[in-house]
A.B. asks: 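Handing you this structure, nothing more for now.
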There are 2 protein chains.
Amino acid sequence: MATTAAPDTRKTPAEPSDTLLRQFVGYNMKRAFMLIQDDITETLAPLGLRIGTFSALAVVVGSPGISQTQLSQVLNIKRSGVVVVVDELERAGVLERTPVYSDRRAYALQVTPAGKRLWRRAERAMQAHEAALFADLDAKDLRIFQDLLSRVARSAARHRRGSAN
Amino acid sequence: MATTAAPDTRKTPAEPSDTLLRQFVGYNMKRAFMLIQDDITETLAPLGLRIGTFSALAVVVGSPGISQTQLSQVLNIKRSGVVVVVDELERAGVLERTPVYSDRRAYALQVTPAGKRLWRRAERAMQAHEAALFADLDAKDLRIFQDLLSRVARSAARHRRGSAN
DNA sequence: TATTGTTATACTCTATAACTATA
DNA sequence: TATAGTTATAGAGTATAACAATA
């Protein structure tokens with residue numbers, strides 16, 4: 001039945017790989033992002049921040065007085081998710097829910113002085129991290145990449161708006 | 001104390017936005033990917049596939065006889081996660097666990113004829129989907145984008161290997 | 001009636017750890 | 001002892017739905 005000479009060396013055709021998936025832009029985007037996500041998490045952890053809280057802090061720094069509903073829209077998450085993030089940042093003394101006198105249902109989110117200091121540290125840490133992470137790409141390539149990313153995002157958003165949902 | 005004229009119009013400085021976050025490549029990658037992820041899910045759903053099962057199917061099509069451990073390495077997930085995905089694909093009659101006579105612990109994964117037909121349909125659906133999704137970008141831009149994505153992934157992987165983990 | 005923030009709950013994805021059967 | 005596959009369980013992250021206070 002079995003040949004006695006020449007053992008079977010093709011257990012799997014050479015190296016198993018994701019060749020068929022690499023044709024897809026979506027797969028390559030996911031793969032690249034997953035690779036840097038863990039790095040980002042590790043960069044933020046010493047500052048007591050997660051990706052979600054870092055993002056929320058950035059938006060409140062850039063748009064002081066923003067409401068939680070507005071924050072949910074900017075970050076593309078649900079209002080119920082914002083509550084968790086704001087709770088965490090408020091507990092850490094990073095931001096505050098201040099009353100809105102014209103609408104007593106809503107809160108105006110404000111960054112505390114400690115929050116501003118934390119943001120400056122976090123921003124610098126992330127900038128340093130990305131500089132190291134993308135050391136292989138020169139400034140011009142990075143600009144092109146950023147531009148293509150925003151064009152891809154715009155194209156996808158348009159496509160999404162165009163379809164039925 | 002308070003001026004009696006001119007009501008307070010700056011509830012929030014104009015439009016709240018994520019300006020401070022856009023400086024980061026990681027944020028733009030996440031944002032762009034999130035936008036297309038839902039689209040991909042909707043493209044695969046009619047075929048009975050999720051992103052995870054689609055990816056696994058693609059790898060087994062491209063590397064027939066691959067083991068579950070190898071598959072976990074290619075897809076960058078844990079072996080326990082592979083079990084779930086392979087269970088689902090096997091239940092759907094898309095692939096099979098065939099015995100490996102040289103190692104009775106392991107399975108060689110094989111795509112069934114139905115699985116091959118499903119893959120061809122899924123591949124075409126995804127190609128059509130991406131063509132529509134990235135309609136705003138010409139072929140040259142897309143090639144540049146793909147190239148930059150793989151360079152970013154390589155750079156990130158190198159950075160990751162270099163640091164202590 | 002509609003909206004803001006909140007809570008409880010559930011779902012998806014993935015990770016960890018302990019187990020079995022083989023090696 | 002180590003490895004392949006499996007199972008149970010737990011943890012993020014996010015979504016849905018119902019609720020109170022207010023508009």
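Here is the naming used below: chain letters follow the sequence lines, and residue numbers restart at 1 for every chain. The analysis underlying the following values was restricted to heavy atoms, covering all of them including side chains, and did not include hydrogens, waters or symmetry mates. Being a predicted model, the structure only gives us computed values, none of them experimental.
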A.B. asks: Indicate whether the side chain of A:Ser67 and that of A:Thr69 have a donor and an acceptor atom separated by less than 3.5 Å.
C.D. replies: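 Result is no, nothing qualifies.
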A.B. asks: Just how far, in rounded Å, is C1' of D:dT14 from CD of B:Gln37?
C.D. replies: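 Atom-to-atom, B:Gln37 to D:dT14, this comes out as 11 Å.
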A.B. asks: Using whole Å, what does the distance between atom P of nucleotide C:dC13 and atom CG of B:Leu49 come to?
C.D. replies: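 Roughly 13 Å, once rounded to whole Å.
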A.B. asks: Testing A:Arg158, A:Arg151, A:Arg154 one by one against B:Asp136 for a side-chain hydrogen bond (donor to acceptor under 3.5 Å, both in side chains), which residue passes?
C.D. replies: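 Of the listed options, the one satisfying the test is A:Arg158.
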A.B. asks: Provide, to the nearest angstrom, the distance between the CG atom belonging to B:Leu71 and the C1' atom belonging to D:dT6.
C.D. replies: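 The answer, rounded to whole Å, is 15 Å.
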A.B. asks: For the pair made of CG in A:Leu109 and P in C:dT4, what is the distance, rounded to whole Å?
C.D. replies: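 Interatomic distance, CG of A:Leu109 to P of C:dT4: 13 Å.
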A.B. asks: Looking at side-chain heavy atoms only, is the closest gap between A:Met126 and B:Gln23 below 4.5 Å?
C.D. replies: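 The answer is no; the side chains never approach within 4.5 Å.
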A.B. asks: Examine C:dT4: is either OP1 or OP2 under 4.0 Å from a nitrogen or oxygen in the side chain of A:Gln70? Give yes or no.
C.D. replies: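 Checking A:Gln70 against C:dT4: no side-chain N or O falls below 4.0 Å of OP1 or OP2.
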A.B. asks: Let's go through B:Leu149 and A:Arg31 carefully: what are the C-alpha distance in whole Å and the side-chain angles of both, what is the deciding distance for side-chain contact (heavy atoms from CB on, under 4.5 Å) to 0.1 Å, and is it a yes or a no?
C.D. replies: CA-CA 9 Å; B:Leu149 277 175; A:Arg31 204 169 164 77; over 6 Å; no
A.B. asks: Grab the CG-P distance between A:Asp87 and C:dG5 for me, whole Å please.
C.D. replies: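 It is 12 Å, rounded to the nearest whole Å.
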A.B. asks: When you check every protein heavy atom under 4.0 Å of nucleotides 15-23 of chain D, what one-letter string (B, S, -) results, 5' to 3'?
C.D. replies: SB----BBS
A.B. asks: Check step by step if side-chain contact (heavy atoms from CB on, under 4.5 Å) holds for B:Val60 and B:Gln110.
C.D. replies: CA-CA 7 Å; B:Val60 179; B:Gln110 305 287 354; 5.8 Å; no
A.B. asks: I need the CG-P distance between B:Asp38 and D:dT14, as an integer number of Å.
C.D. replies: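 Going from B:Asp38 (CG) to D:dT14 (P), I get 12 Å.
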A.B. asks: Could you check which of D:dG13, D:dA4, D:dT7 has an atom nearest any side-chain atom of B:Val83?
C.D. replies: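 Given the options D:dG13, D:dA4, D:dT7, the side chain of B:Val83 is closest to D:dT7.
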A.B. asks: With the side chain of A:Lys30 defined as its heavy atoms from C-beta on, choose the nearest nucleotide among C:dT4, C:dT14, D:dT6.
C.D. replies: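 Nearest listed nucleotide: C:dT14.
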A.B. asks: For the side chain of B:Ala106, starting at C-beta, report the closest nucleotide among C:dG5, D:dT6, D:dG5.
C.D. replies: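 Nearest to the side-chain atoms of B:Ala106, counting from C-beta on, is D:dG5.
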A.B. asks: Counting N and O atoms only, with roles assigned by atom type, does the side chain of A:Glu130 sit under 3.5 Å from a partner on the main chain of B:Gly26, one being a donor and the other an acceptor?
C.D. replies: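 Looks like yes, one N/O pair under 3.5 Å.
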A.B. asks: Round to the nearest Å and state the distance from A:Arg50 atom CZ to D:dG11 atom C1'.
C.D. replies: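 In whole Å, D:dG11 C1' lies 12 Å from A:Arg50 CZ.
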A.B. asks: Please evaluate residues A:Gln37 and A:Ile51 with respect to the criterion side-chain contact (heavy atoms from CB on, under 4.5 Å), reporting the C-alpha separation (whole Å), side-chain torsions for both, the decisive distance (0.1 Å), and the verdict.
C.D. replies: CA-CA 9 Å; A:Gln37 191 171 29; A:Ile51 291 180; 3.9 Å; yes
A.B. asks: What is the distance, to the nearest angstrom, from the CE atom on A:Met34 to the C1' atom on C:dA15?
C.D. replies: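 It is 14 Å, rounded to the nearest whole Å.
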